[in-house]
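Convention: sequence-line order gives letters A, B, ...; per-chain numbering from 1. Being a predicted model, the structure only gives us computed values, none of them experimental.
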Protein chains: 2
Amino acid sequence: MQQRRTTAGRTVRPASRVHARLAAAIGELILNGTYPPGSLLPNEAEWGRRFNASRTAVREAIKTLNGKGLLVSRPKIGSRVEPRERWNVLDRDVLAWHRAAMDEATFLRSLQEVRRILEPGVAVLAAARRSASQLQALESALAAMRSAPSPSEMVKADVEFHLRLLAAANNELLAPFAIIIEQALAAMFDYTTRHTAHPEVVLPLHTHVVKAIAAQSQERARQAMTALLDDTDAILAGQRGARPRA
Amino acid sequence: MQQRRTTAGRTVRPASRVHARLAAAIGELILNGTYPPGSLLPNEAEWGRRFNASRTAVREAIKTLNGKGLLVSRPKIGSRVEPRERWNVLDRDVLAWHRAAMDEATFLRSLQEVRRILEPGVAVLAAARRSASQLQALESALAAMRSAPSPSEMVKADVEFHLRLLAAANNELLAPFAIIIEQALAAMFDYTTRHTAHPEVVLPLHTHVVKAIAAQSQERARQAMTALLDDTDAILAGQRGARPRA
DNA sequence: GGGCGTAGTTTTGTAGGATAATTGTGCGGA
DNA sequence: TCCGCACAATTATCCTACAAAACTACGCCC
């Protein structure tokens, strides 16, 4: 951690979001099991020594983790790691630390499982309630997928498509799942080269979904989305020639 | 905000989690639209004046909200409210503030919608993967529902049942939904007196779910859970004589 | 000797003041 | 007109001192 001297001679550190780095560092230690649920974290002074930061910065980092449900702090006791079911695993940061802490394939499978549960239902809601402009947004995302010049552009448009579908469901309690879709598709892209390399299959599947939603047919929307996810699952299972990069 | 004097004569407030109260107060102001997404919050000194708290406490409160995705703070700019899709609406506190800020019936409908999407899929996963002890936990929760001496005990056991079902799905990314189930059932209990007053219907529906999961039949589990949710929906729709409590 | 109350100790919670870093804004000059 | 620089406002960090809370342990009283 770089330091420098002021004119007054006091040793200070640049004020560049120390607490954010602390929060990330401590968060990863919790996610990777160094401090399991129920265990007690070192006290604030100790963290300060370990990371060469002031107690104030440590406290703010801990408050951030507090807000994410990873910790509870009490006087005289210290900060205790909460049970996993209290964690906000759908939080952007928490999910990122999670990903860093676990096996890539397992992580991806968990994400995909949630998508399988969720997205057919989302498609049904979207079919029932999408507005005209939401339908249009969906169609333009599909068009972007069609004309994507590169695989990475294709993935980007793909993410956009699914996010807009989620938005079209018009239930804001579903919003946190956006992060799952983003991470799942990004992880797919990292994990298999094959994923983006078969637009001839993916594009018709997406088109079916849009058509069903345009027609406001809930059952067809569900089936189309299920078929789409079946395809993704097949890739993950390695049955369509997926090859892990690494 | 109560104050008192120390021997030194300085005016202080009891150190009883001021930052938590501040976080709740500011959180509610955001949720209820006083500070809409994209808007700028008053600066830290102003909050301090308004709530008669030190800047330290204000900062910790803001860091908590930061952790929940409601805010981002940057030097010179201040704290800006994030767009809604970044909010951790599944966070315990955020959901509570949410509930306080919106119409009870609408809130309940949103929750119930998510349950409809989710729980059939959860039942499928549980049927496929539940361990013997998880099945046993499910059965004992059902037994507790059967022998519940009062409506409120019944609801408690009901919540427990659904939480254990969620746990039996063995996918920790689903954990955040626990809060939705808890809130939905609690809100139902507040909103309709009828909900807990028909064990003769509810108990068999739950029993079917357990039987399907015991038999590891995924399709039956899905259907049983769907039937259970249909019943809840009917109550919400007022078709089974639900009467709002006022 | 045992139980209960109380003082002590440790740790987080709050306060307040000082300095550094960051970035929008406006002014001036090329 | 546009670019760059000084300025100002605000958060970021640090420090120190106390206050509050809760576990510990001791001692007093019965």
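In this structure, the nucleotide among C/dT23, D/dA12, D/dA22 sitting nearest to the side chain of B/Arg74 is C/dT23. The side chain of B/Glu44 lies closest to D/dA12, out of C/dT14, C/dT11, D/dA12. For B/Lys76, the listed nucleotide lying nearest its side chain is D/dA9; candidates were D/dA9, C/dA21, C/dT12. When the nucleotides D/dC23, D/dT11, C/dT12 are ranked by their closest atom to the side chain of B/Arg59, D/dT11 comes out on top. Comparing atom distances between the B/Ser54 side chain and each of C/dT23, C/dT12, C/dG16 picks out C/dG16 as nearest.
Rounded to whole Å, atom C1' of D/dC15 lies 14 Å from atom CG of A/Asn52. Whole-Å rounding puts the B/Leu41 CG to D/dA9 C1' distance at 16 Å. The interatomic distance linking B/Ile62 (CD1) with D/dA12 (C1') rounds to 12 Å, in whole Å. At whole-Å resolution of the value, CH2 in B/Trp47 and P in D/dT10 are 15 Å apart. Taking atom CD on A/Glu46 and atom P on C/dT11, their separation rounds to 11 Å, with Å as the unit. The distance from atom CG of B/Asn43 to atom P of C/dG24 is 17 Å, rounded to the nearest whole Å. We find that CG of A/Leu40 is positioned 14 Å from P of D/dA22, with the value rounded to whole Å. Summarising the geometry, the separation between CZ on B/Arg21 and C1' on C/dG13 is reported as 12 Å, rounded to the nearest angstrom.
If you find the closest nucleotide of DNA chain C to A/Ile77 and to A/Thr56, the one lying nearer the 5' end belongs to A/Ile77. Nearer to the 5' terminus of DNA chain D, by closest-nucleotide assignment, is the contact made by B/Pro75 (compared with the other of A/Val58 and B/Pro75).
More than 12 heavy atoms of other residues, nucleotides or ligands lie within 6.0 Å of CZ in B/Arg50, so this atom counts as buried by the packing criterion. Within a 6.0 Å radius of CD in A/Glu104, more than 12 heavy atoms belonging to other residues, nucleotides or ligands are found.
Considering every non-hydrogen atom in both A/Arg164 and A/Ser140, the closest pair reads NH1-OG, 3.1 Å.
Just one of A/Glu44, A/Glu46, A/Glu60 meets the salt bridge (charged side-chain N to carboxylate O under 4.0 Å, His left out) condition when paired with A/Arg55; it is A/Glu44.
Classification of the B/Phe177-A/Phe177 ring pair by plane angle, with boundaries at 30° and 60°, yields parallel.
For B/His19 and C/dT14, the shortest distance from a side-chain N or O to OP1 or OP2 is below 4.0 Å.
A/Arg55 contributes a side-chain N or O that forms a donor-acceptor pair with the base of C/dG13 under 3.5 Å.
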